[in-house]
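For ligands, and for the atoms within them, numbers begin at 1 and follow the listed sequence.
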Amino acid sequence: MGKVAVGAAVVVAAAVCAAAALVVRHRMRSSGQSAKALAILRELEEKCGAPVGRLRQVADAMTVEMHAGLASEGGSKLKMLISYVDNLPTGNERGWFYALDLGGTNFRVLRVQLGGKDKRVVKQEFDEVSIPPHLMVATSHELFDFVAEALAKFVSSEGEDFHLPPGRQRELGFTFSFPVRQLSIASGTLIKWTKGFSIEDAVKLNPFAVSPQVGEDVVGELTKALERVGLDMRVSALVNDTIGTLAGGRYYNPDVIAAVILGTGTNAAYVERAHAIPKWHGLLPKSGEMVINTEWGNFRASHLPLTEYDQALDVESLNPGEQIFEKIISGMYLGEIVRRVLCRMAEEAAFFGDTVPPKLKIPFVLRTPHMSAMHHDTSSDLKVVGTKLKDILEISNTSLKTRKVVVEVCDIVATRGARLSAAGILGILKKLGRDTVKEGDNQRSVIALDGGLFEHYTKFRECMESTLKELLGDASDCIVIEHSNDGSGIGAALLAASHSQYLEVEES
Ligand code: GLC
């Protein structure tokens, strides 16, 4: 071999060694990184753990807080709001009514014809409008004006068959899915905004902003907005979505005793015995029932499995320190928790390569429907996960291993939320004494469930239902979860009917 050839061989060998060293170093680094990512994953799993024992503690704490909230005003994080609904629909409701369902990212307007016991809902028509994001932090009258205009447009599409007796005003059941201190069935003041609505912030910027501010009469503000668009309509019932869902559920099934919303936010309402409401002693008949809006989204207890991600999300939210149960369960937040976990993996374990993908740093960019789509991906190469990561977070060329970790993060976060919501339901059943089997009593208790999370996130729903079974044991045979599809709108219309200004005229 000539000198040149030897030299070349040496150079090539050296280059090969250097390349091999680089590969080894890269492998070592990347195996160190993936070990770090896995450590973050295992830590998440541990912190989100919700074994049965812990869920029972959560349920017990929920029951205790329910008692405290009923005992005195401000006695608990659970507001336990009186709804003024003391007679739920019977089926006898008749006539044409409107409903407006406002409280998430969309609102719905509907009109129904109620035909009494035999005919029930003869006809219903609805329209769904999404709320432009800027109106969720709007100034002035914008939000309610937008809603009133949509309602006026919907009213103008009434067909020939809409027969209000001459001279009668149209009546509306208004589902307003925020905490409201009711003053009667058709009036109440806003306690606070939740779920990313923040009109108070706008108010700080613009002192002339109204509609409705905390402490203001919600129906009064809507009525003014209806007047501004020239719509003659009376608000005959103001209800929370949980109350509407309970009313809608009861209309079809007399065994419905509670309603739970698992959607953008989460909350529960149930039928309480009037004598069990100390803060209302003297004001309510001792016999009879009253529907209570628990506002369980604001529940918190030391037993809740909280993580650093939840703490950071809470601190940076529009309502820090509030709605903690909601922030670990509901659709508004689940995707955001997943994003925060992935972001930490990217920062500390170079999980998506040497740099942190810029999109991953944007709060709320990963929404719960995206998370759900990734979680339900059954393809062998997790194609949907790959596509979502690329389309939403602009992360391309992810390995199967990476995708699997992403699915695991979704699973941990969704499982915690689903199991905790089952614990919340157990808390309500305990309060009603319906969590155990009683000798000779096989009374069924039906819980009406609604909300996008429940309806569309199958794994969440299945986990919630199986956890409830696990918690209830033998008693689970008597407890039924029933999907009350958009029951809250119909429920509000039914309550408008049972509180119609023309009721006495009709009855006489
Ligand atoms: C939020 C609201 C509550 C509502 C729930 C579900 O928790 O505060 O009133 O029922 O979301 O929409």
**Message:** So, applying side-chain contact (heavy atoms from CB on, under 4.5 Å) with F325, which one of L78, N298, L304 is it?
**Reply:** L304
**Request:** Inspect the contact between E272 and K431 and indicate whether a charged nitrogen and a carboxylate oxygen are less than 4.0 angstrom apart.
**Result:** yes
**Prompt:** What pairs of residues pass the side chain to side chain donor-acceptor pair (under 3.5 Å) test when at least one of them lies in residues 61-70, not counting sequence neighbours?
**Reply:** E65-S76
**Prompt:** Under a strict 4.0 Å criterion on non-hydrogen atoms, which protein residues are in contact with ligand 1?
**Reply:** S177, F178, P179, T194, K195, N240, D241, I261, G265, T266, N267, E295, Q323, E326
**Message:** Under the rule for side chain to side chain contact (heavy atoms under 4.5 Å, CB included), what residues qualify as partners of V365, not counting sequence neighbours?
**Reply:** R339, I362, I392, L393
**Prompt:** Taking 4.0 angstrom as the limit, do K459 and E462 come out as a salt bridge?
**Reply:** no
**Item:** Partner set under side chain to side chain donor-acceptor pair (under 3.5 Å) for E128, not counting sequence neighbours
**Value:** N106
